[in-house]
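Comments concern the structure below.
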Amino acid sequence: MADAIRYRLKALKDGAIAKTKPGGFVIPKQKSSFGDEDSWTNIDSDVTPLERRTWTAWTMGGYWFSDALNAQSWEAPASIIAVGLTWRESVYCIIFGSLVCTIPLVLNGSIGAKLHTPFPVALRSSFGWYFSRFAVVVRMITALFWHAIQTYTGSTAMTQMIRAIWPSYLDIPNHIPEAVGITTQEMVSHFLFFSLQFPILLTPPHKLQWFFIFKAFVVTVTCVGVVIAMTGKAGGTGDIWNQEYTVSGATRSWLILSSMSSITGGWATMATNIPDFTRYLKDPKAVYYQVAFLPLIQLGLGLFGIISCSAAKVVYGEYIWDPLTLASMWDGPGGRAGAFFVGFAWVVAQIGTNLSANVISFANDLTSLFPKYINIRRGVIIGTFTASWIMVPWKIIHSASSLLSFMSGLGIFLAPIAAILAADFWVTKKQHIDVPALYRRKGRYSYNAAGTNWRAVVAFLVSVVPNLPGMAAQVNPSISAGGAQYIYDIFYLYGFTSAFVVYSLLSHFFPATETLIPETISEEIEIIGGVEYKNDGLSTPVEAGTPSENADEKAVMKSADNIV
């Protein structure tokens, strides 16, 4: 044990000394990867090794519980009811909005499950080598902002945990100027949440299945407990079920469509880069369970939010949609105990959501752009420090409601990316991809000298441009979008469908024939010293024609998880 500690300390010291020079940050390049000789790849951007394909259908279920069970999903019905609709429309919108987004989730999730490549690599088949980087950067920016928002929400949950034990925690004197946008007490909560979240975020994705299951259990039990407690206090479920419409006619119809689209658009990020996670599946068929998992989880949590909010009106005289605000109303020994468990559940919930939806996705994207220096672990470190501190998330939450509208509107950029990725794999390529070529700058998927597939560019513009006026009006209400507002009301439905159809048609009538192959290619033949060797990207290349089952796997699995 002592020897192991000394070895670890020596390794850390040697690593710190090495990193005083730029070359110390270089990540070893695996010889068995498909990358060009003059390019750099690492295990996190390569084809997922067999021993990292640890996810099952149950893991996918836990993953979706982890992603969907968060404070924002609990509050989802609030925005629908606030615009003048009732709980019925809220339920319908949650069900159908979730079902709609399962279409791109299954289509694109299958790409990762079958090819076992991350989203940034799979994207090269449709966008081209260089244009794919544009889509990757869009996804990175989205992930950073949402990571910042979810992290600060976790900080408010941390506040409830601490004040439940020490009520005087809320009385900490403030020594931070008002212009900063955060108090001393809130800063302490933010630092504590960050300190708890950081080591968990460093867990490699293929080892996360038990955390997802833990989160699903903790949050589900807590949500059920809150509903039971609130209905008990209120003597029933309250009067929200008797609310009437405050809008009618065409306005009501468009509000329903807009609300459904907002539910769907809320999953735009995951529908785009779901291959980052399905690449770890053992059985590709497990990806289809998403059709049941996501709508059921969303509906359950939405109903919990509606019932608790309605009961709060009876108990406290106002509708309270935020579960943490609700917990802050609970005093006395029993009430504070309940507040602690609610705070703990949402701390776990926000960490799980950051894992499944934000920081790992950001890290995969950054790894694809700078594979020589960045792996998933380093990407997580960069992403979480940037989102949690450099981007000052408390300012985003408290001072920029228009920015939150803008973040929701980013779905107009993500919808065509998800659509083009799906259309290329299922319609144009008919599921037949040359995997080694995805790692070659001048391979069959470069399309041209600019590394850009013009069909993807056209489809992207057709999808995005009509939505821009509506997005501008959403961010700045003084801007009139005219009839374009109706397109924005169904931004995800229009954006995904238009891009999917346009890309499919252009690829059919103007095919890039060099990218169309009759069967999937998952390995290649290399000539080394005049001898043909088979390289499947998973094991040490073996002589062509010889069984490869006993070939040595990449001898970097465990050590790669710890490269910093």
Side-chain angles (χ1 to χ4, degrees), residues 66-76 78-79 140-164 169-170 172 174-202 215 219 266 269 301 305 320-328 339-340 342-363 380-410:
S66 177
D67 200 44
L69 295 181
N70 55 59
Q72 285 71 26
S73 294
W74 177 285
E75 298 168 14
S79 59
M140 280 177 58
I141 293 172
T142 310
L144 272 181
F145 273 103
W146 282 122
H147 183 33
I149 293 167
Q150 297 283 10
T151 295
Y152 192 72
T153 302
S155 300
T156 62
M158 180 64 73
T159 295
Q160 287 306 312
M161 285 181 62
I162 299 174
R163 79 92 191 170
Y169 178 70
L170 298 178
I172 292 177
N174 180 40
H175 300 290
I176 298 177
E178 185 178 350
V180 176
I182 190 171
T183 66
T184 300
Q185 177 263 305
E186 291 169 340
M187 181 65 81
V188 172
S189 294
H190 187 67
F191 175 76
L192 291 174
F193 178 78
F194 172 83
S195 301
L196 174 65
Q197 174 179 251
F198 182 63
I200 299 175
L201 295 182
L202 292 177
K215 173 183 171 177
V219 178
T269 52
L301 204 60
I320 302 176
W321 288 99
D322 183 351
L324 297 171
T325 301
L326 188 63
S328 70
F340 174 85
V342 170
F344 175 73
W346 292 116
V347 162
V348 174
Q350 298 309 111
I351 292 175
T353 299
N354 271 333
L355 273 169
S356 57
N358 300 320
V359 72
I360 291 177
S361 302
F362 170 85
V380 166
I381 294 171
I382 294 171
T384 194
F385 271 92
T386 301
S388 301
W389 300 104
I390 297 175
M391 295 176 65
V392 286
W394 47 90
K395 288 258 187 180
I396 297 175
I397 295 292
H398 293 304
S399 307
S401 58
S402 61
L403 180 57
L404 292 179
S405 299
F406 170 73
M407 286 304 302
S408 298
L410 276 179

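When all heavy atoms of Thr153 and Leu324 are compared, the closest pair comes out as O-CD1, 3.9 Å. Of all heavy-atom pairs spanning Gly383 and Leu144, the tightest one is O-CD2, 3.7 Å.
Thr384 is linked by a side chain to side chain donor-acceptor pair (under 3.5 Å) to His147, counting only residues two or more places apart in sequence or in another chain. Applying the side-chain contact (heavy atoms from CB on, under 4.5 Å) criterion to Ala148, with sequence neighbours excluded, gives Ala387, Pro393, Ile396.
Between Trp389 and Phe191, the angle of the ring planes lies from 30° to 60°, which puts this pair in the tilted group.
In this structure a side-chain-to-backbone donor-acceptor pair under 3.5 Å is present from Ser328 to Thr325. Put simply, the side chain of Trp74 gets close to the backbone of Trp321: a donor and an acceptor are under 3.5 Å apart. Side-chain atoms of Thr184 come within 3.5 Å of backbone N or O of His175 as a donor-acceptor pair.
The CZ atom of Phe362 lies 6.5 Å from the CD1 atom of Ile382; values are rounded to the nearest 0.5 Å. To the nearest 0.5 Å, atom OG of residue Ser189 and atom CZ of residue Arg163 are 12.0 Å apart. Atom OG1 of Thr142 sits about 9.5 Å away from atom CG of Asn358, to the nearest 0.5 Å.
His190 is listed as a side-chain neighbour of Trp394, based on a closest heavy-atom distance under 4.5 Å. Residues Phe193 and Tyr152 fail the side-chain proximity criterion, which asks for heavy atoms closer than 4.5 Å. Here the side chains of Ile162 and Leu192 are in contact, with some heavy-atom distance below 4.5 Å. Two residues are said to be in side-chain contact when any heavy atoms from C-beta on lie closer than 4.5 Å; Phe385 and Ile390 fail this criterion. With a 4.5 Å cut-off on side-chain heavy atoms, Thr183 and Ile176 do not count as touching. Here the side chains of Met391 and Thr386 are in contact, with some heavy-atom distance below 4.5 Å. With contacts defined as side-chain heavy-atom distances shorter than 4.5 Å, the pair Leu170/Gln185 qualifies.
Under 3.5 Å, the side chains of Asn354 and Gln197 contain a donor-acceptor pair of N or O atoms.
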